[in-house]
**Q** 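Got a structure for you, written out below as structure tokens; questions coming shortly.
Since the model is a prediction, treat every value here as computed from it, not as a measurement. Side chains are part of it too, since the values below use all heavy atoms of this structure and drop only hydrogens, waters and symmetry mates. In what follows, chains carry the letters A, B, and so on, assigned in the order in which the sequence lines appear, proteins first and then strands, with residues in each chain numbered from 1.
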Amino acid sequence: MTKVATRFAPSPTGPLHIGGVRTALFNWLFSKNQKGSFFLRIEDTDKERSKKEYKKQIIQSLKWIGIEHDGKEYIQSEKINEHKKVAEELLKKGFAYKCYCSEKEIEEQKNMAKKKAMAFVYNRKWREPKNLTVPAGVNPVIRFKSKIGGNTIVKDLVQGEINISNSTIEDFVILRQDGSPTYQLSATVDDHLMNITHVIRGDDHKINTVKQKQIYDSMGWEVPNFAHIPLIHSNEGKKLSKRDKASTIEDYIKIGILSDALRNYLLRLGWSFKDKEIFTLEESIKHFALSSVGKSPSRLDMSRILSINETYIKNINEDKLFLNLKTYCEIYKKKIDPKFDSTLKKSLHFLKNKAKTLGNIYENAQYIIKDQIQISSEDLKLLDDLAKKILKEFLKEFENIKNLNKDNLEKIIKGLIDKHKINFKGVGQPLRIALTGSKFGPGIYDIISSLDKNKVIERLKMIK
RNA sequence: GGUCCCAUCGUCUAACGGUUAGGACAGUUGGUUUUCAAUCAACUAAUCGGGGUUCGAUUCCCCGUGGGACCGCCA
């Protein structure tokens with residue numbers, strides 16, 4: 001058995017797409033499950049649009065979600081000569097030919113195809129150039145001599161069998177007029193050079209597979225296994241594009257989604273293992289199989305992402321959560337003053353219970369990480385005369401407390417409830433507003449015990 | 001339009017010929033003598049339609065319908 005090798009091959013023309021992340025994840029998971037390797041190939045042959053910073057960003061994004069590639073990243077543009085060599089060889093062997101058609105001619109053919117409402121298939125004019133004279137001063141493109149009759153069948157580990165009539169596959173270009181290789185050639189040669197055993201990629205590459213298989217066959221190379229995973233659709237049910245709102249990984253990081261949560265969500269999108277919903281990294285490696293990847297596309301569902309994130313926020317180690325929160329706030333919100341660290345840390349155990357994102361924790365922790373709180377005018381209205389009176393009475397007794405614990409606080413509050421013949425809310429709500437500036441939030445005992453005694457007194461005194 | 005693919009609750013999915021069609025998210029309702037975005041409980045909700053095959057079809061086959069992908073000298 002040869003060692004399994006997979007690859008993720010993004011082009012660095014933009015930030016990493018959420019669909020790309022899932023493709024990378026499936027590749028990585030499969031290779032780990034098979035005890036194989038996972039490589040990263042940067043397809044940067046589109047010089048116009050490829051950017052170095054995107055390459056960095058892609059690697060960082062993958063790392064963020066827990067994916068690291070083996071070895072050094074493979075840079076496609078560095079292998080262009082290899083690709084050209086293969087093109088030459090195909091030419092020599094008669095599997096490719098030079099095409100001198102002008103762009104105009106091709107354009108006309110495309111228009112014709114459109115008019116006839118047919119798929120564009122190049123008319124193969126130069127395939128057998130018997131009565132043609134090579135025009136002077138025209139650089140030819142090299143086209144692959146695609147099979148005309150019969151069908152090409154590719155076994156697919158997810159789709160089953162891809163069976164396409166060769167008549168619909170055109171003689172595609174493998175070398176451009178300027179001599180540079182096209183995707184079909186480069187990707188194929190690279191996969192061969194890298195000894196890739198399993199090509200796992202988006203559904204949108206299915207037709208390419210048929211083209212690429214012919215290159216493998218012509219070169220006498222072993223054809224890798226293919227697995228085309230269904231695409232992720234937007235809310236509208238279309239292929240997710242960069243224009244969609246939450247399409248890049250950054251979009252999720254910035255609202256405070258945890259990497260494990262996103263990984264878990266993406267894993268369960270199009271893949272399942274019994275009724276299990278939550279998978280640790282180890283579990284996902286252990287159970288991952290291409291055979292349990294579904295065939296139909298799935299929609300992105302924000303509420304589910306949030307729900308999984310909530311689960312992770314509640315369950316991960318608190319020290320880890322704390323560090324996550326700190327870095328998150330520093331980058332996407334506002335740096336938290338270290339003087340609040342200890343209070344914040346000991347409050348995390350209840351703050352995390354009411355948050356779906358790190359952003360939520362940040363919002364709910366405002367009363368801890370700011371010296372002064374702000375009360376909205378609407379909440380201020382809730383502090384009527386009775387409420388203020390209660391706060392004053394609470395303060396008086398609170399100042400005399402020796403041991404700040406729940407029992408003692410309970411005593412004070414109970415006393416006030418009895419005295420004023422009100423319910424808990426009558427005391428709890430004014431307190432919460434006075435201490436946090438919000439009528440929502442953690443339990444009142446949690447709030448008080450998380451704050452310094454002096455801080456509580458100070459804030460209660462602010463209410464007049 | 002051509003080629004190819006797909007089809008179970010609103011969403012993600014389970015059931016690989018025999019289940020009262022299961023779970024999760026969302027939604028709704030109620031409890032939690034304190035808020036709710038927490039928690040607990042309950043409820044609503046699906047096999048796209050029509051033909052076969054079969055003792056029996058969500059499952060296999062065909063047709064229709066709907067949705068999607070591709071149709072670059074981009075990757």
Side-chain angles (χ1 to χ4, degrees), chain A residues 9-13 43-46 48-50 76 99 101 103 106 110 113-122 139-143 156 159-160 162-165 167-170 172-184 186-187 201-208 210 228 230-231 233 235 237-239 265 268-278 291-292 294-308 310-311 314 350 352-357 360 363-364 413 417 423-429 431-433 436 438-445 447:
Chain A
S11 54
T13 54
E43 305 211 330
D44 59 342
T45 49
D46 185 337
E48 305 269 305
R49 298 192 299 146
S50 295
Q76 188 162 66
C99 163
C101 283
E103 278 182 51
I106 300 292
K110 277 188 194 166
K114 233 181 200 172
K115 252 187 198 168
K116 283 190 188 165
M118 297 272 283
F120 165 65
V121 176
Y122 165 68
N139 283 328
V141 298
I142 309 291
R143 285 182 184 272
D156 190 294
Q159 307 285 333
I162 304 171
N163 185 341
I164 289 176
S165 165
S167 63
T168 62
I169 304 296
E170 66 156 333
F172 53 94
V173 174
I174 54 176
L175 234 48
R176 298 188 185 93
Q177 234 170 4
D178 66 2
S180 63
T182 64
Y183 167 76
Q184 303 295 1
S186 297
R201 54 182 12 170
D203 222 345
D204 46 345
H205 282 284
K206 240 188 296 184
I207 304 290
N208 293 335
V210 174
H228 288 91
L231 300 176
H233 280 179
N235 231 322
K238 298 261 159 83
K239 175 180 171 181
Y265 173 74
R268 279 288 284 100
L269 205 57
W271 177 86
S272 63
F273 179 77
K274 299 179 181 169
D275 274 349
K276 201 168 160 60
E277 299 287 350
I278 302 297
S291 58
S292 33
K295 284 185 177 185
S296 46
S298 30
R299 277 176 205 228
L300 222 40
D301 181 359
M302 198 54 180
S303 65
R304 196 177 178 81
I305 296 175
L306 289 172
S307 157
I308 292 181
E310 193 182 339
T311 308
K314 279 192 188 119
F350 61 81
K352 71 179 182 184
N353 282 329
K354 303 205 171 170
K356 288 186 190 295
T357 62
N360 289 157
E363 286 149 28
N364 292 338
I413 291 175
I417 290 172
N423 58 15
F424 192 101
K425 193 175 174 182
V427 184
Q429 192 174 64
L431 268 176
R432 181 177 287 111
I433 292 173
T436 71
S438 167
K439 58 176 184 277
F440 302 122
I444 201 71
Y445 297 118
I447 294 172

**Q** Measure from the side-chain heavy atoms of A/Glu43 and tell me the nearest of B/rA75, B/rC6, B/rC73.
**A** B/rA75
**Q** Roughly how far apart, to the nearest Å, are B/rC5 and B/rG64 at atom P?
**A** 14 Å
**Q** Quantified in whole Å, what is the P atom distance between nucleotide B/rA46 and nucleotide B/rU11?
**A** 12 Å
**Q** Kindly indicate whether the side chain of A/Tyr122, heavy atoms from C-beta on, has any atom under 4.5 Å from the side chain of A/Cys99.
**A** yes
**Q** Tell me the interatomic distance from A/His228, atom NE2, to B/rA69, atom C1', rounded to whole angstroms.
**A** 11 Å
**Q** Restricting to nitrogen or oxygen on both sides, can you table the protein-nucleotides 70-72 of chain B pairs closer than 3.5 Å?
**A**
| residue | atom | partner | partner atom | Å |
| --- | --- | --- | --- | --- |
| B/rC70 | OP1 | A/Lys239 | NZ | 2.4 |
| B/rC71 | O2' | A/Phe120 | N | 3.3 |
| B/rC71 | O2' | A/Phe120 | O | 3.4 |

**Q** Quickly work out the A/Ile162 CD1 to B/rG68 P distance and round it to whole Å.
**A** 20 Å
**Q** Check the distance between B/rA24's C1' and A/Lys276's NZ and give it to me in whole angstrom.
**A** 13 Å
**Q** In whole Å, what separates the C1' atom of B/rU19 from that of B/rU58?
**A** 12 Å
**Q** Both distances under 3.5 Å, Watson-Crick or G-U wobble: report the partner of B/rA24, or none.
**A** B/rU11
**Q** Output the rounded distance in Å from CG (A/Asp203) to P (B/rG68).
**A** 14 Å
**Q** Using the C1' atom on both, measure B/rG68 against B/rG23 and round to a whole Å.
**A** 27 Å
**Q** Tell me which nucleotide, if any, is Watson-Crick or G-U wobble paired with B/rG1 when both distances must be under 3.5 Å.
**A** B/rC71
**Q** Can you name the salt bridge (charged side-chain N to carboxylate O under 4.0 Å, His left out) partners of A/Glu170, sequence neighbours left out?
**A** A/Arg143
**Q** Between A/Asp203 and A/Lys206 (side chain of the first, backbone of the second, donor and acceptor by atom type, cut-off under 3.5 Å), is there such a pair?
**A** no
**Q** What does B/rU34 pair with, Watson-Crick or G-U, if both distances are under 3.5 Å?
**A** none
**Q** How far, in whole Å, is B/rU53 from B/rU47 if one measures between their P atoms?
**A** 24 Å
**Q** Please give the distance between the P atoms of B/rG10 and B/rA45 as a whole number of Å.
**A** 11 Å
**Q** NZ of A/Lys314: more than 12 outside heavy atoms within 6.0 angstrom?
**A** yes
**Q** Without swapping roles, check the side chain of A/Asp156 against the backbone of A/Ile162 for a donor-acceptor pair under 3.5 Å.
**A** no
**Q** With both distances kept under 3.5 Å, what pairs with B/rU59, Watson-Crick or G-U wobble?
**A** none
**Q** Below 30° counts as parallel, above 60° as perpendicular, anything between as tilted: where do the rings of A/Tyr445 and A/Phe424 land?
**A** perpendicular
**Q** Tell me every residue that passes salt bridge (charged side-chain N to carboxylate O under 4.0 Å, His left out) with A/Lys238, counting only those two or more places apart in sequence or in another chain.
**A** none
**Q** Scan A/Ser186 against the nucleic acid and name what it touches under 4.0 Å (heavy atoms): base, sugar-phosphate only, or nothing.
**A** nothing
**Q** Using the C1' atom in both, what is the distance from B/rU65 to B/rG72, to the nearest Å?
**A** 32 Å
**Q** Atom CD1 of A/Ile164 to atom P of B/rG2: distance rounded to whole Å?
**A** 16 Å
**Q** Under 3.5 Å, is there a donor-acceptor pair linking the side chains of A/Ser438 and A/Thr436?
**A** no
**Q** To the nearest Å, give me how far apart NZ (A/Lys238) and C1' (B/rA69) are.
**A** 12 Å
**Q** Could you encode protein contacts along nucleotides 28-40 of chain B as a string, one character per nucleotide from 5' to 3', using B for base contact, S for sugar-phosphate-only contact and - for no contact, with a heavy-atom cut-off of under 4.0 Å?
**A** ------BBBBSS-
**Q** In the structure I gave you, are the side-chain heavy atoms of A/Gln76 and A/Tyr183 within less than 4.5 Å of one another anywhere?
**A** no
**Q** Mind checking whether A/Asp301 and A/Tyr265 have side chains closer than 4.5 Å, heavy atoms only?
**A** yes
**Q** Please list, chain by chain and in numerical order, all residues satisfying salt bridge (charged side-chain N to carboxylate O under 4.0 Å, His left out) with A/Glu43, sequence neighbours excluded.
**A** A/Arg41
**Q** Please examine the side chains of A/Thr168 and A/Val210, heavy atoms only from C-beta on, and report whether any two atoms are closer than 4.5 Å.
**A** no
**Q** Give me, pair by pair, the N or O atoms of the protein and of nucleotides 10-14 of chain B that are less than 3.5 Å apart, along with how far apart they are.
**A**
| residue | atom | partner | partner atom | Å |
| --- | --- | --- | --- | --- |
| B/rC12 | OP1 | A/Arg299 | N | 2.8 |
| B/rC12 | O2' | A/Arg268 | O | 2.9 |
| B/rU13 | OP1 | A/Gly270 | N | 2.4 |
| B/rU13 | OP1 | A/Ser298 | OG | 3.3 |
| B/rU13 | O3' | A/Ser272 | OG | 3.0 |
| B/rA14 | OP1 | A/Ser272 | OG | 2.7 |

**Q** Checking base pairs now: Watson-Crick or wobble, both atom distances under 3.5 Å. What partners B/rC48?
**A** B/rG64
**Q** Could you state the CD-P distance from A/Glu48 to B/rA75, rounded to the nearest angstrom?
**A** 11 Å
**Q** Identify, between A/Lys206 and A/Ile305, the residue whose nearest nucleotide on RNA chain B lies closer to the 5' end.
**A** A/Lys206
**Q** Quantified in whole Å, what is the P atom distance between nucleotide B/rU13 and nucleotide B/rC71?
**A** 25 Å
**Q** Check whether any side-chain heavy atom of A/Lys354 lies under 4.5 Å from a side-chain heavy atom of A/Asn360, and answer yes or no.
**A** no
